[in-house]
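See below for the structure under consideration.
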Amino acid sequence: MLTCEHLDKKYSQATALDDFSATFETGGRYALLGPNGSGKSTLMKMIAGLTRPDGGTIMFDGKPMDWRAKAAIAYMPTEPYFFNYMTCENFGKYYADFFADFNMEKFSLTIKRMDLDPRAKVRELSSGMAAKLKIIATLSRSASVLMLDEPLNGIDLIAREQVLDLIEDQTDPSQTVILSSHLVDELEKITDHALYIHHGKNVLSGSIRDLERDGKDLSDLYRDIFGGHESVSGGGVE
């Protein structure tokens, strides 16, 4: 179980997280929902240990985060992190060098399943193909927590369906899966909990079944909370 309590983070004059609290149960699949600047990426980077909170605590299985806990968390950022020399196969080997829980055989089988050429240069891939490669590499780790930040960005409709199927097929029921996206309807298909972040705060969260009890789906709730705006005013950061 992953527990975030009263997290705060500011960058200059911008507030990324503001007294943010949430619990991610083991085996749960969570949709992080909110427009650009709401704090989704900052939260993920904080959980991954890449960003320090200004205040608050993060606990993993009841203990403060340490190197063992961070090693059990797989995080895919939105930013590209390929080297120009890399082929798809090289990218898998790069992951294997860094992560003891990386399964190279699983990676190799999956890139073929997703129609990626192992010998193709990463710099020559389309944005959709490059996004697939990052997702495959992250899912090839046997991590306790899997976090994918905007995994559907730059991917067309057909490829989205392939990626969603891949996430569903290649995640274990014992793994906690946290996904962020603006594509609310898409995440609703493969998650069982939703968490709405606005101005760095957890403004609404719960099981999707409970949240939709009053007849509104996740998209309706998104419109109610954010008023249809695609960005957060007030100098927020992602």
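This chain uses plain numbering: 1 for the first residue, then up along the sequence.
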When every non-hydrogen atom of Ser180 is compared with those of Pro151, the smallest separation belongs to O-CD, 3.1 Å

Measure across Leu146 and Leu139 and return the closest heavy-atom pair with its distance rounded to 0.1 Å. CD1-CD2, 4.0 Å

Any donor-acceptor pair under 3.5 Å linking the side-chain atoms of Arg29 with those of Thr171? yes

Could you tell me which non-hydrogen atom of Gly34 sits nearest to which non-hydrogen atom of Tyr222, and how far apart they are? C-OH, 3.5 Å

Between the side chains of Lys134 and Glu150, is the shortest nitrogen-to-carboxylate-oxygen separation below 4.0 Å, so that they form an ion pair? no

Between Arg113 and Asp169, is there a salt bridge with N-O shorter than 4.0 Å? yes

Flag for Asn103-Ser140: side-chain donor and acceptor within less than 3.5 Å: no

Can you see which heavy atom on Pro118 is nearest to which on Lys112, and at what distance? CG-CE, 4.4 Å

Could you see if Phe98 belongs to whatever hydrophobic cluster contains Tyr95? Use Ile, Leu, Val, Met, Phe, Trp, Tyr and a side-chain cutoff under 4.5 Å. yes

Is there side-chain contact between Leu152 and Ile167, with at least one heavy-atom pair below 4.5 Å? no

Take Asp8 and Asp19 through the side chain to side chain contact (heavy atoms under 4.5 Å, CB included) test and state the conclusion after the steps. CA-CA 5 Å; Asp8 291 310; Asp19 195 29; 4.2 Å; yes

Mind checking the CE-CE spacing from Met1 to Met59? Nearest 0.5 Å is all I need. 9.0 Å

Are any side-chain N or O atoms of Tyr75 and backbone N or O atoms of Thr138, one a donor and one an acceptor, separated by less than 3.5 Å? no

Between Gly200 and Phe20, which heavy-atom pair has the shortest distance, and what is it? O-CB, 3.6 Å

So CG of Asp117 and CE of Met129: to nearest 0.5 Å the spacing works out to 10.0 Å

For Leu43, which of Asp149, Ile58, Ile197 qualifies under side-chain contact (heavy atoms from CB on, under 4.5 Å)? Ile197

Within this structure, what is the OG-CZ distance for the pair Ser144 and Arg68, rounded to the nearest 0.5 Å? 14.0 Å

Applying salt bridge (charged side-chain N to carboxylate O under 4.0 Å, His left out), which residue pairs with at least one partner in residues 99-110 are found, sequence neighbours left out? Asp101-Arg141

Checking Ser181 side chain against Leu183 main chain: does a donor-acceptor pair fall under 3.5 Å? yes

How about Phe107 and Phe102: are their ring centres within less than 6.0 Å of each other? yes

same_hphob_cluster(Phe24, Leu50) at 4.5 Å side-chain heavy-atom cutoff: yes

Just how far is it from atom CG of Asn202 to atom OG1 of Thr23, taken to the nearest 0.5 Å? 9.5 Å

Is it true that Arg209 and Glu212 have a side-chain N and a carboxylate O under 4.0 angstrom from each other? no

Does Asp224 pair with Lys216 as a salt bridge, N-O distance under 4.0 Å? yes

About how many Å separate SG of Cys88 and CD of Glu124, when rounded to the nearest 0.5 Å? 10.0 Å

For the side chain of Ser38 and the backbone of Pro35, is there at least one donor-acceptor N/O pair under 3.5 Å apart? yes

Smallest separation among heavy atoms of Gly27 and Thr176, with atom names: N-OG1, 3.5 Å

Testing the 3.5 Å rule here: is there a donor-acceptor pair between the side chains of Gln170 and Thr110? yes

Walk me through it: do Leu17 and Met46 pass the test side chain to side chain contact (heavy atoms under 4.5 Å, CB included)? CA-CA 10 Å; Leu17 292 177; Met46 208 170 277; 3.9 Å; yes

Tell me if a side-chain donor or acceptor on Gln162 pairs with a main-chain N or O of Met114 at a distance below 3.5 Å. no

Measure from NZ or CZ of Lys9 to the centre of the six-membered ring of Tyr11 and say whether it is under 6.0 Å with the direction within 45° of the ring axis. yes

Is there a donor-acceptor pair closer than 3.5 Å between any side-chain N or O of Lys121 and the backbone N or O of Tyr85? yes

For the pair Glu186 and Arg160, find out whether any cationic side-chain nitrogen is under 4.0 Å from an anionic carboxylate oxygen. yes

Begin with the C-alpha distance, continue with both residues' side-chain angles, and end with the deciding distance and a verdict on side chain to side chain contact (heavy atoms under 4.5 Å, CB included) for Phe82 and Leu133. CA-CA 10 Å; Phe82 307 117; Leu133 183 60; 3.9 Å; yes

Could you walk me through whether Leu2 and Ile178 pass side chain to side chain contact (heavy atoms under 4.5 Å, CB included), step by step? CA-CA 11 Å; Leu2 186 67; Ile178 304 173; 4.3 Å; yes

Do side-chain atoms of Thr15 reach the backbone of Asp18 as a donor and acceptor pair under 3.5 angstrom? no

Tell me if the aromatic rings of Phe83 and Tyr94 count as close, with their centers under 6.0 Å from one another. yes

Transitive ILVMFWY side-chain link Met104 to Leu116, under 4.5 Å: yes

Rounding to 0.5 Å, atoms CG (Leu33) and CG (Leu179) come to a distance of 10.0 Å

Among side-chain atoms of Ser207 and Asp210, is any donor-acceptor pair under 3.5 angstrom? yes

May I ask you to say whether Asp61 pairs ionically with Lys63, meaning some side-chain N is under 4.0 Å from a carboxylate O? no

